[in-house]
Amino acid sequence: MAQTATLPTVGQELPEFVRDTGFQHWNRYAAVNDEFIDIHMDDDAGKAAGYPTAFGMGNLTWAYLHLALHEWFGEEARISHAEVQYRSAVTRGTQLHIKGIVTAVRPGEVDVDVWAENSEGTRLAPGSATVHLAGS
Amino acid sequence: MAQTATLPTVGQELPEFVRDTGFQHWNRYAAVNDEFIDIHMDDDAGKAAGYPTAFGMGNLTWAYLHLALHEWFGEEARISHAEVQYRSAVTRGTQLHIKGIVTAVRPGEVDVDVWAENSEGTRLAPGSATVHLAGS
Amino acid sequence: MSEETYISDEMRAIVGKPFNEAVSFPVSRSDIRRWAIAVYYPEVPPRLYWDEDYAKASVYGGIVAPEDFNPFAWASASPGMTTRRAGFNADYLETTFGIQGPGLKTNLNAGSVTDYGSRMRPGDVISTSAHVLSYTEKSGRMGRMLITIIRTTWTNQSGEMVKQTNQTAIRY
Amino acid sequence: MSEETYISDEMRAIVGKPFNEAVSFPVSRSDIRRWAIAVYYPEVPPRLYWDEDYAKASVYGGIVAPEDFNPFAWASASPGMTTRRAGFNADYLETTFGIQGPGLKTNLNAGSVTDYGSRMRPGDVISTSAHVLSYTEKSGRMGRMLITIIRTTWTNQSGEMVKQTNQTAIRY
C-alpha cells in the first residue's frame, strides 16, 4: 500500500476514500462480527425503528475510518488512538466518503480529524486519530 | 443427541424437524458459505426475480436435511449418500418441516425418503439418503 | 437431433474437461464451529463440532465438520484471493472455459446427488475439481430448457474421497 | 440531584464492577482473512492479513489482525456456546447484573474512544473484561437521556494490552 511520500503538514487534506453501502457490505460485516441485527438486514425493521430503510453498523463505519488511515499513512503505520461519534444512520444506498485532515504533526506521529460524510456533505460520523508513522 | 432406541422399520415415519426461515437464518448461512446473493438478502431482488420476497438458499435446505438425519439416527450415524431436488423457493416466513420415512432396512444401514415441506404440506424439496447406523 | 439447440459444438467439447480446480486453506476449528452455529441456528450446535474434549471421546476421536461443510468459502489457497463477483452470470460455466454460453437469463440450482467418503477435520486441506458430466435439453413449462450436470469431487490431503456431487442446473 | 432520575441506587452500585468477562478461542488465520475480506469488500484486502510470506517480510514479521478485529464474534471459549439472543433488550447491561434497568425503549451506540496496544495475531488468546465507567443524564431533543460509558479492556495471552475502549450508549 502506498505511503505518503512526504511528511504530512498541519491542515493537509487527505484523499477521500469512498464506499457504497448496502446489504452486500452489511451482511459480510455481520458475517465476521456476528452482528445479525434486524435493523441492519431488513428494511421493514429499519422502518419500524423510524428510518427509511435498514441501516449500516456503526462498527463498519469504524472499520472504514481505520482503512482510510492505512490508505493515507501505509499499512505499517500504527494507529495508537482513534475515536468516533455516530451522529446519523447510514441508510441503504448512502455513499460514504471518508475524509481526513492533518491537525498536528509531531516527530514520527500525526493527529488527524477523520470522518464519514454522505454525498451531500453531511458528517455522519466525525472522529479523530493519532497515528505513528512507519519507520519512525 | 438421542439415537433411535430400536431398529428402524420400513414405513416408519420419523419425527418432524421444524425450522422457521428468514434473514436471521439466511444471513448466518451466507456468512459461513460466502453465499451473499441479492435474491437471498433483499426482498426487492426476490421480487425482481418473480417471487413475493427474498428466498432461502437451496444449500441451507440441504443442511437441514442432514441435521434431521442426525436427529433421527444419532450424531455418530454416517450419511453415505444423499440427494435432493429443489422444486419451490423457500420464501420469507415459510416454516420448513423436515420429514422422513424409512424406505429400506439392511444390516446396519437404512434408506430414507427425507424432504422439506411448508406448513400447507407442499413438498418444496424432496430427497433421499442412505445412512449407516452407528456401532454397526 | 433437433435443428434448434442451446448446445453448441464448443459446449460439447468441454464435457469431461476439468475446471474450478482449487485447494482450500487448512480447515480451521473456527470455520467448523461457525458453520455449525449457522446451520443449527437458533439451536446450540452439537458439541462434536466445537468441543474437542467431547469429540475426542466420540467414535470420530476429535472434532469433525458437518458433512455439508464448505472449506472453499470466502477464499481458497489456490487460486488465491480474488475480487468478489458483483451480480450473477448465467453463463458462468462457459465463461470459465472462454467459450460462448447459451445466453439464457435464468439459472436454477435444481438439486444434487452426493456420495460422502471421509469426514473433514481441522487441519485438512481439501482439493476440488469439477467437470461437466452432461448437457441435455428438455421442454417444460418454461419452454426449451438446458440441463447441465456438473460433477465435483473433493479429496483430502491423504488422497481420500471426501465427497462427490452431481449438481443439476436448469437454464431457460 | 434531581428527584427524577433513571439512575437507581442499584445502578450506581454496579459502577466499576466487572462484567462481560470472556476468553476467546485462539484467533485463527481464517478469522483474520475473512474479517479483512468483509471490511475491504469489494476490494481485495491487503496481503498483510492473509499472505504469510508477504507478512513475514513486513515490520510485523507475520500476519496480524486489523486493529478493529473482534476475536469474540460467534462464540468464545469462556463462557462457552450459548443460544443466540433473539431481539434486543435495551436493559441488557443491568439484566447482566441481575438488577432492574431504566426500561427505556431506545439504545444507541453513540461512539467510542479507543487506545490500541499490541496487534492481535493468529494463535492469540484474548481476554476481555468490561465495567461501567459512568452513568450520567442529560436533556436533549428526545427528552431526558441516560448516558452510559462502558470501558472494555482486551489483553493477550502475554498480558499485553491489546485495546481499551470507552463506548458511549445513549438510552431514551
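Sequence lines set the chain letters: A, B, ... in the order given, protein chains first and strands last, and positions in each chain run from 1.
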Qualifying residue, where the test is side-chain contact (heavy atoms from CB on, under 4.5 Å) with Glu83(B) and the options are Val113(C), Thr165(C), Thr114(C):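 Going through Val113(C), Thr165(C), Thr114(C) one by one, the side-chain contact (heavy atoms from CB on, under 4.5 Å) with Glu83(B) is satisfied by Val113(C) alone.
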Tell me if a side-chain donor or acceptor on [X] pairs with a main-chain N or O of [Y] at a distance below 3.5 Å.
X        : Y         : value
Arg28(B) : Pro42(C)  : no
Asp34(B) : Trp74(C)  : yes
Gln85(B) : Gly111(C) : no

For the aromatic rings, using the six-membered ring if either is Trp, is the centroid distance between Trp26(B) and Tyr41(C) under 6.0 Å?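 That pair fails the under 6.0 Å test.
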Could you tell me if the ring centre of His66(B) sits under 6.0 Å from that of Phe69(C)?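 So the answer is no for these two rings.
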Do Tyr29(B) and Val39(C) make a side-chain contact, defined as non-hydrogen atoms from C-beta onward lying under 4.5 Å apart?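 Yes. Closest side-chain heavy atoms under 4.5 Å.
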Looking at [atom1] of [X] and [atom2] of [Y], how far apart are the two atoms once the value is rounded to the nearest 0.5 Å?
X         : Y         : atom1 : atom2 : result
Lys163(C) : Ser80(B)  : NZ    : OG    : 14.5 Å
Leu67(B)  : Glu43(C)  : CG    : CD    : 7.5 Å
Asn59(B)  : Asn109(C) : CG    : CG    : 6.5 Å

Is a donor from one side chain sitting under 3.5 angstrom from an acceptor on the other, for His81(B) and Asp115(C)?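 Yes.
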Heavy-atom distance under 4.5 Å to chain B: side chain of Tyr60(C), backbone, both or neither?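 For Tyr60(C), the contact with chain B is made by the side chain alone.
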